[in-house]
Amino acid sequence: MSRLFGAVRQNGYVVRDIRAAMDHWANVLGIGPWFYVERVKTDYFRHRGADSDVEMSIALANSGDLQIELIQQRNDAPSMYKEFLDSGREGLQHMAFWTTDYQGLYDRALSLGYRVGHEGQIGGAQGRFAYFDTELHPGTVIELSDISGSKGRFFEHVRQAAIGWDGSDPIRLIK
């Protein structure tokens, strides 16, 4: 438990082949079902303060209370995902903390010296997210995600679907 951010709620993996990654997690590790968004629509996305037209696919599933997120960037637009892949890595890229007081926690993190690497919004003002750069610490990127709106309700739906999942319908396309 972080005294600043609370509990880690999500581990995010940047992958080159999201379909193969979902298959591995579902069939080898038995984690699912996966809720798959082939083309994520962001309200805005900024990388290091500049607008970026990032295109990505994401998939979400839960292992207990921990959400697993898979991300495949679909273009060469600037992002921390692209930086991660360009450095020769693939796999765990960030851990996320969720909040219903996004602006308060975001402002507090900035006041403590955290710097935004990229940020954006999905589905309106209550769908904001920020990835803080790792310059202050060696290791995993920290994401802060607003769950006060529909995104929080969707995350709970994903968690509930994993409880007692029998392995059927492992990939569920979200349009």
Side-chain angles (χ1 to χ4, degrees), residues 2 4-6 8-18 21-22 34-61 67-87 89-137 139-159 172-175:
S2 165
L4 175 60
F5 296 110
V8 174
R9 300 300 307 271
Q10 178 195 81
N11 282 344
Y13 296 80
V14 174
V15 299
R16 296 181 194 283
D17 184 339
I18 198 166
M22 285 187 289
W34 289 91
F35 291 83
Y36 177 50
V37 182
E38 193 167 36
R39 296 286 185 210
V40 174
K41 292 177 177 47
T42 59
D43 301 336
Y44 68 86
F45 187 93
R46 291 186 193 100
H47 176 258
R48 306 202 184 281
D51 289 342
S52 178
D53 291 326
V54 70
E55 295 175 9
M56 63 184 150
S57 299
I58 65 163
L60 302 170
Q67 185 180 85
I68 307 298
E69 178 181 36
L70 305 174
I71 302 161
Q72 180 181 347
Q73 186 162 328
R74 299 288 185 170
N75 64 1
D76 287 330
S79 75
M80 292 178 78
Y81 312 130
K82 183 176 181 327
E83 291 171 355
F84 185 77
L85 291 171
D86 287 351
S87 73
R89 295 177 285 173
E90 182 176 11
L92 182 64
Q93 185 259 355
H94 72 266
M95 59 185 194
F97 299 91
W98 299 347
T99 183
T100 56
D101 180 21
Y102 182 85
Q103 194 62 51
L105 197 50
Y106 178 92
D107 291 344
R108 183 163 181 228
L110 293 179
S111 77
L112 294 171
Y114 285 82
R115 293 178 31 182
V116 175
H118 74 219
E119 64 185 327
Q121 180 175 292
I122 297 172
Q126 294 176 318
R128 296 171 294 172
F129 60 89
Y131 286 56
F132 295 109
D133 217 332
T134 58
E135 292 176 12
L136 290 178
H137 63 90
T140 304
V141 170
I142 294 171
E143 178 189 5
L144 181 62
S145 189
D146 187 347
I147 60 158
S148 60
S150 60
K151 182 170 50 171
R153 290 186 295 278
F154 180 66
F155 285 179
E156 178 58 20
H157 173 72
V158 172
R159 188 183 76 78
R172 302 171 186 189
L173 185 63
I174 304 298
K175 297 192 184 221

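The structure presented is a predicted model; accordingly, all values stated were derived computationally and were not measured. Sequential numbering from 1 along the given sequence is applied to the chain's residues.
Here the straight-line distance linking atom OG of Ser79 with atom CG of Asp86 works out to 8.5 Å at 0.5 Å rounding. For the atom pair Lys151 NZ and Ile122 CD1, the distance stands at 6.0 Å (nearest 0.5 Å). Interatomic distance, OH of Tyr102 versus OG1 of Thr100, reported as 13.5 Å (0.5 Å rounding). Note that the CZ atom of Arg108 and the OG1 atom of Thr99 stand 11.5 Å from one another [nearest 0.5 Å]. Rounded to the nearest 0.5 angstrom, Asp101 CG and Ile147 CD1 are separated by 11.5 Å. With values rounded to the nearest 0.5 angstrom, Ile71 atom CD1 is found 8.0 Å from Ile18 atom CD1.
With a 4.5 Å cut-off on side-chain heavy atoms, Glu143 and Glu69 count as touching. Leu60 is listed as a side-chain neighbour of Phe154, based on a closest heavy-atom distance under 4.5 Å. Between Val116 and Leu110 the shortest side-chain heavy-atom distance falls below 4.5 Å. With a 4.5 Å cut-off on side-chain heavy atoms, Leu144 and Tyr114 do not count as touching. A 4.5 Å side-chain heavy-atom check between Leu105 and Phe5 finds at least one atom pair inside the cut-off. Two residues are said to be in side-chain contact when any heavy atoms from C-beta on lie closer than 4.5 Å; Met80 and Arg48 meet this criterion. Ile68 places a side-chain heavy atom less than 4.5 Å from the side chain of Trp34. Using a 4.5 Å heavy-atom cutoff, the side chains of Trp98 and Gln67 are in contact.
Residue Val158 comes nearest to Phe35 through the heavy atom pair CG2-CD1, 3.7 Å, listed as atom of the first residue, atom of the second, then distance. Heavy-atom minimum distance, Pro78 versus Ser52: O-OG, 2.7 Å. For the residue pair Glu90 and Asp17, the shortest heavy atom distance occurs at OE2-N, 4.3 Å.
Side chains of Gln93 and Tyr131: a donor-acceptor N/O pair is absent below 3.5 angstrom, by distance only. Side chains of Gln10 and Ser145: a donor-acceptor N/O pair is absent below 3.5 angstrom, by distance only.
Using the six-membered ring where Trp is involved, His118 and Phe45 have ring planes that are tilted, between 30° and 60° apart. A tilted orientation is assigned to the rings of Phe132 and Tyr106, their planes being inclined by 30° to 60°.
With respect to Val54, the side chain to side chain contact (heavy atoms under 4.5 Å, CB included) criterion is satisfied by exactly one of Arg74, Lys82, Arg46, Gln73: Gln73.
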Item to check | Audit row: Asp146, Phe129, side-chain contact (heavy atoms from CB on, under 4.5 Å) steps and yes/no | outcome: CA-CA 6 Å; Asp146 187 347; Phe129 60 89; over 6 Å; no

Checklist entry - Under the side-chain contact (heavy atoms from CB on, under 4.5 Å) criterion, do Arg89 and Val14 qualify, and how do the steps go? => result CA-CA 9 Å; Arg89 295 177 285 173; Val14 174; over 6 Å; no

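Look at Glu156 and Arg159 and you find a salt bridge, because one of the NZ, NE, NH1 or NH2 atoms lies within 4.0 Å of a carboxylate O, short of that distance.
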